[in-house]
Amino acid sequence: MKLKKLTTALLAPMLIIPMMLSPITAHGAGITIKLSEADSVQESSELDTLLEVLDYLEAYNIEGVDREMFLENAIRGMVYTLDDPYSDYYSAEELEEFEGSLNQEYVGIGVTLRFTNDQLVVTQPLPGSPALAAGIQQGDIISKVDGVKVTSMEDIYRIQGIEGTNVVLEVLRGSKPMTFTITRGHFTVPAVTGKYFPDSKVGYISLSSFTEQSDKQFAAELGMLRKAGMESLVLDLRDNTGGYVNAAINIAKNFIKNGTVMYTSGQSGKLEPINIVDGESLDIPVIILTNEMTASASEILTGALRDNNIATVVGTTTYGKARIQNLFSLSNGSSLKLTVQKYLTPSRKDFNHVGLTPDFEVKNNAVAQLILALQLAGMQSLEVKGNSSSLTVNGVSVNGYIDVVQSGDKLYVPSRVLNALVDGEVVWSSSLQKITITTKLGETAGFTVSSNAAKVINNETYVEIHQFQNKFPGLKWSYQQRTITLSYK
């Protein structure tokens, strides 16, 4: 099987009805259309014209003609003329690759990476991956790929390759140089990851894609968390670009006993409710995390749980894809992916190209989003520990990282992380070059760039930790081996 290579680029937002529909008369969908005699004559004439062009090209074009390629390009031209970014044509090989990506199946070595401070850092070797089997660890710095020095994020493309081929990575683990020869292979990225914080009885589920099995995996993880004593749940849908609509509906059944998941409408424009009957009621606080790449099926689930008064949403406005596609099988083994419906939230909001606005907006920092979500879920005491490749909260490892900047005896920490710990509001004044943090108790503190109390790096603001502690003495922190530990009481 040819599978999509894993890169840091996200999949295009997608929402697919999980069925391959049989061809219809005149190459349509699952029903029989009766054409009038005039329609039949017009269709025959149009097809004859297309065949005439092919015949002329084949007979007279001096460059030669690949008839199959010409027909394929003609089909692509028809689809692309729709001016619909979600409709597409797939050859049999492209369809296999697309379906693999839907189910998060890839070929490569299986690591997630980030380029920071001129270094390519491993943030996670993925479960079941060749990299994990070879011994690659979180925090390893890849210095060379096949003997060539790493200089930018573009070097990840040299790590990719064909299944069964080798790549040689030179790695720094701390100050120790190491070399790994890794055979690229097929692996599957888990769609569902669960964590439990026993001290606060908060559960956490990260749902990275709506795959064919994600609804079953989600139900199993939710069951384990409930058995452990979970009293609230953080559901992380950040960077989840969608997948199968039935998986989203089935996951919603774990929260909604009886209610509407969404409304859909096709060419007629008539709204049809999609309802859940005899689902389950979770009856605990639910916090959903979203960002600008929360799309499609993720937006269905977010809208359904919020509009049914089940969940509160934290993060940034979602992608804004409220359209549904079907896959139509063609006789030559290829397929059409066509937009066939739009959908609205249970409150009948059409958010296409607009997105869903969170109840609590937290921009520019994923760790700050997570901290607020955990606080809303009932976590009253937090100890956050992180570096450029890892993050733990109250001793539990979660996806994420904290970048700090050291300048002499000064240490700068992202302002939004510090602000989240004190449960405040942060405001940046570009004219004054000043960060102002105000807590719910009315405590206010300002930090200016001119006094070296603040920095702006890559459009993110940082506060010097000693000066922050002077203003907020409840902050406790330590910095060892490039890892910052933060808590606030």
Side-chain angles (χ1 to χ4, degrees), residues 10 13 15 192-195 202-210 214 218 222 225 230-243 247-249 251-256 259-263 276 281-322 343-379 393 398-400 416 419-420 423-426 440:
L10 294 170
L15 178 58
V192 179
T193 303
K195 303 287 183 178
V202 173
Y204 169 90
I205 295 179
S206 173
L207 182 59
S208 61
S209 180
F210 291 85
S214 61
F218 184 91
L222 186 66
L225 290 173
M230 175 181 65
E231 294 182 358
S232 60
L233 174 66
V234 174
L235 174 55
D236 195 343
L237 297 179
R238 292 174 297 179
D239 298 325
N240 184 326
T241 57
I249 294 171
I251 289 172
K253 291 178 182 178
N254 292 281
F255 300 89
I256 301 172
T260 300
V261 177
M262 61 179 174
Y263 288 89
I276 288 176
S281 179
L282 198 58
D283 288 331
I284 61 173
V286 178
I287 313 298
I288 296 177
L289 280 164
T290 64
N291 66 6
E292 63 279 1
M293 289 306 294
T294 299
S296 204
S298 294
E299 292 172 299
I300 284 181
L301 185 57
T302 299
L305 298 191
R306 182 163 66 179
D307 284 5
N308 281 281
N309 299 314
I310 292 169
T312 300
V313 182
V314 172
T316 56
T317 300
T318 62
Y319 184 89
K321 179 183 180 292
Y343 68 89
L344 290 74
T345 67
S347 62
R348 304 193 184 196
K349 176 180 175 62
D350 183 354
F351 55 89
N352 201 47
H353 303 308
V354 177
L356 300 172
T357 304
D359 301 301
F360 295 89
E361 186 175 46
V362 181
K363 294 182 178 180
N364 299 335
N365 193 283
V367 176
Q369 293 168 353
L370 177 61
I371 289 172
L372 178 56
L374 291 171
Q375 289 170 336
L376 292 172
M379 189 176 289
V393 178
V398 292
N399 288 336
R416 294 185 185 277
N419 176 71
D423 195 15
E425 291 188 8
V426 61
K440 290 182 178 179

Any heavy-atom pair between the side chains of [Y] and [X] that's under 4.5 Å?
X: Tyr319; Y: Ser296; value: no
X: Leu301; Y: Ile251; value: yes
X: Asn254; Y: Leu282; value: no
X: Met262; Y: Ile249; value: yes
X: Leu376; Y: Val314; value: yes

Can you see which heavy atom on [X] is nearest to which on [Y], and at what distance?
X: Pro285; Y: Glu231; answer: CD-O, 3.3 Å
X: Leu225; Y: Leu233; answer: CD1-CD1, 4.4 Å
X: Ile256; Y: Gly259; answer: CG2-N, 3.7 Å
X: Leu235; Y: Leu207; answer: CD1-CB, 4.4 Å
X: Asn419; Y: Val426; answer: OD1-N, 3.5 Å
X: Ser209; Y: Ser214; answer: O-CB, 3.6 Å

Which residues share a side chain to side chain contact (heavy atoms under 4.5 Å, CB included) with Ala377, sequence neighbours left out: Val202, Ser232, Val234, Ile287
Geometric class of the Phe351/Tyr343 ring pair [parallel <30°, tilted 30-60°, perpendicular >60°]: perpendicular
Calculate, to the nearest 0.5 Å, the distance between atoms [atom1] and [atom2] belonging to [X] and [Y] respectively.
X: Phe210; Y: Thr241; atom1: CZ; atom2: OG1; answer: 10.0 Å
X: Leu370; Y: Gln375; atom1: CG; atom2: CD; answer: 10.0 Å
X: Ser298; Y: Leu289; atom1: OG; atom2: CG; answer: 12.0 Å
X: Thr294; Y: Leu237; atom1: OG1; atom2: CG; answer: 6.0 Å

Contacts of type ring-ring contact (aromatic ring centres under 6.0 Å, His included), residue Tyr263, not counting sequence neighbours: none
Do the side chain of [X] and the main chain of [Y] share a donor and acceptor less than 3.5 angstrom apart?
X: Ser208; Y: Asn240; result: no
X: Tyr204; Y: Asp236; result: no
X: Asn352; Y: Ala322; result: yes
X: Glu292; Y: Gly355; result: no

Qualifying salt bridge (charged side-chain N to carboxylate O under 4.0 Å, His left out) pairs, either residue in residues 364-377, two or more places apart: none
Leu374 vs Val393, side chain to side chain contact (heavy atoms under 4.5 Å, CB included): CA-CA, chis, key distance, verdict: CA-CA 10 Å; Leu374 291 171; Val393 178; 3.8 Å; yes
Qualifying residues under side-chain hydrogen bond (donor to acceptor under 3.5 Å, both in side chains), relative to Thr193, sequence neighbours excluded: none
For Thr318, side-chain hydrogen bond (donor to acceptor under 3.5 Å, both in side chains) partners two or more places apart: Glu299
Sequence-distant partners of Glu425, salt bridge (Lys or Arg N to Asp or Glu O under 4.0 Å), two or more places apart: none
Audit row: Leu222, Met230, side chain to side chain contact (heavy atoms under 4.5 Å, CB included) steps and yes/no: CA-CA 9 Å; Leu222 186 66; Met230 175 181 65; 3.8 Å; yes
Pair listing, side chain to side chain donor-acceptor pair (under 3.5 Å) test, anchored in residues 361-373, at least two apart: Arg238-Gln369, Asn365-Glu460
Considering only distance and modelled atom types, tabulate donor-acceptor pairs under 3.5 Å from the side chains of residues 303-312, sequence neighbours left out.
unit_1 : atom_1 : unit_2 : atom_2 : d
Arg306 : NH1    : Thr357 : O      : 2.6
Arg306 : NH1    : Asp359 : OD1    : 3.4
Arg306 : NH2    : Thr357 : O      : 3.1
Asp307 : OD2    : Thr345 : OG1    : 3.0
Asp307 : OD2    : Ser347 : N      : 2.8
Asp307 : OD2    : Ser347 : OG     : 2.8
Asn308 : ND2    : Thr260 : O      : 3.0
Asn308 : ND2    : Ala304 : O      : 2.7

